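Reading through the structure tokens given below for one structure.
By convention here, the first residue in the shown sequence is residue 1. For clarity, every value in this text was computed on a predicted model and none was experimentally measured.
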Amino acid sequence: MKKVFNSGKPWRGCTKRPMRYEVWEKLARRYDRLWVQKYSLGPTRREVLKLVLPLLAADEKAGILEIGCGTGQLIREISGRYKDVRYLGIDVAGNMIKIARSSNTASNVRFRVCPIERFSSKDKYGIVICTHAFPYFPDKAGALKKIAGMCDRGAKLVFVNSSTNDLKDMIINFFLKATTSRAQYPSIEEMKRLFKGAGLTVRKTKIIRERRYMPTIALFYLEAREG
């Protein structure tokens with residue numbers, strides 16, 4: 001990857017960070033200890049690794065883009081096994097990125113403070129990961145089209161997020177939104193339509209649910225169309 005990604009100047013051209021991102025700055029220090037790590041974020045990482053590690057076994061120098069990387073938990077688990085992986089993690093919260101950088105110092109790992117709506121890249125990626133960040137994208141269809149344009153032919157993508165498919169999901173996600181920031185949790189069918197519109201093919205869908213009081217957490221394993 002080009003070092004253009006190693007930018008330490010977030011929000012270039014902005015005079016003020018949007019307030020809807022401030023909650024993530026405040027959560028950064030305790031993010032790795034939140035209760036949702038046990039029942040949502042931790043199980044999500046385990047399922048993502050089941051898909052991504054075999055891809056890296058076939059290509060140890062694959063380019064990975066993680067959108068909404070948080071404190072870099074996932075790359076810590078990946079980079080310990082595959083030290084040549086070319087990785088870029090982006091997140092809206094500078095405090096999250098500070099923690100990610102301090103715990104992932106390898107030269108092949110880069111982090112950048114940037115929301116998806118302002119992100120651009122000349123590089124192409126073979127693997128794209130986005131866990132629990134998609135509901136907070138203000139323009140979901142536009143973001144997916146942008147992401148698809150950054151993918152290599154046949155690239156694999158893994159998206160995981162809470163999803164609203166019934167009344168129970170609606171109630172739980174309402175309270176989840178109240179504790180974080182403005183969000184919209186598309187249903188599984190809505191997600192599939194968005195993926196199709198961006199030229200991404202759904203290869204696998206899986207529901208991750210550790211407890212009955214958790215909402216539907218939907219995992220989508222996708223492939224970028226060739227051509």
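- In this structure, S163 OG and E189 CD are separated by 9.5 Å, a value rounded to the nearest 0.5 Å.
- With hydrogens and angles disregarded, no donor-acceptor distance shorter than 3.5 Å links the side chain of N108 to the backbone of R86.
- The nearest pair of heavy atoms linking K146 to F119 is NZ-O, 3.0 Å.
- A donor-acceptor pair is defined here as one N or O able to donate and one able to accept, closer than 3.5 Å; such a pair exists between the side chain of D139 and the backbone of G142.
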Would I97 and T71 count as a side-chain contact (heavy atoms from CB on, under 4.5 Å) here? Give the steps. CA-CA 6 Å; I97 293 297; T71 58; over 6 Å; no
For V158 and V128, what are the C-alpha separation, side-chain angles and deciding distance, and is it a side-chain contact (heavy atoms from CB on, under 4.5 Å)? CA-CA 6 Å; V158 185; V128 177; over 6 Å; no
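- Each of V48, I78, I129, I90 was checked for a side-chain contact (heavy atoms from CB on, under 4.5 Å) with E66, and the lone residue meeting it is I129.
- Residues G70 and D91 approach most closely at N-OD2, 2.8 Å, considering heavy atoms.
- Pairing each heavy atom of C151 with each of L157, the nearest pair is SG-CD2, 3.8 Å.
- Between the CE atom in M96 and the SG atom in C69 there is a gap of 9.0 Å [rounded to 0.5 Å].
- Here the closest heavy-atom approach between residue Y82 and residue L56 is recorded as CE2-O, 3.7 Å.
- The OG atom of S79 lies 5.0 Å from the CG atom of N104; values are rounded to the nearest 0.5 Å.
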Kindly determine whether H132 and V160 satisfy side-chain contact (heavy atoms from CB on, under 4.5 Å), including the steps that lead there. CA-CA 6 Å; H132 298 285; V160 187; 4.2 Å; yes
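- Interatomic distance, OG1 of T205 versus CZ of F159, reported as 13.0 Å (0.5 Å rounding).
- Residues P186 and K140 meet the side-chain proximity criterion, which asks for heavy atoms closer than 4.5 Å.
- Under the 3.5 Å distance criterion, the side-chain polar atoms of K145 are left unmatched by any main-chain donor or acceptor of G199.
- The two residues I188 and N165 come nearest to each other via the heavy atoms N-OD1, 2.9 Å.
- Of the N and O atoms on the side chains of T131 and R45, not one donor lies less than 3.5 Å from an acceptor on the other residue.
- Summarising the geometry of V113 relative to V92, their closest heavy-atom pair is CG1-O, 3.8 Å, with the distance given to 0.1 Å.
- Ring centroid separation for the pair Y87 and F111 comes in under the 6.0 Å cut-off.
- A distance of 5.5 Å separates CD of Q73 from CZ of R76, quoted to the nearest 0.5 Å.
- Rounding to the nearest 0.5 Å gives a distance of 11.5 Å between CD1 of I147 and OG of S121.
- No donor-acceptor pair under 3.5 Å is formed between the side chain of T164 and the backbone N or O of M170.
- F220 is linked by a ring-ring contact (aromatic ring centres under 6.0 Å, His included) to F195, counting only residues two or more places apart in sequence or in another chain.
- Between the side chain of K156 and the backbone N or O of L55 there is no donor-acceptor pair closer than 3.5 Å.
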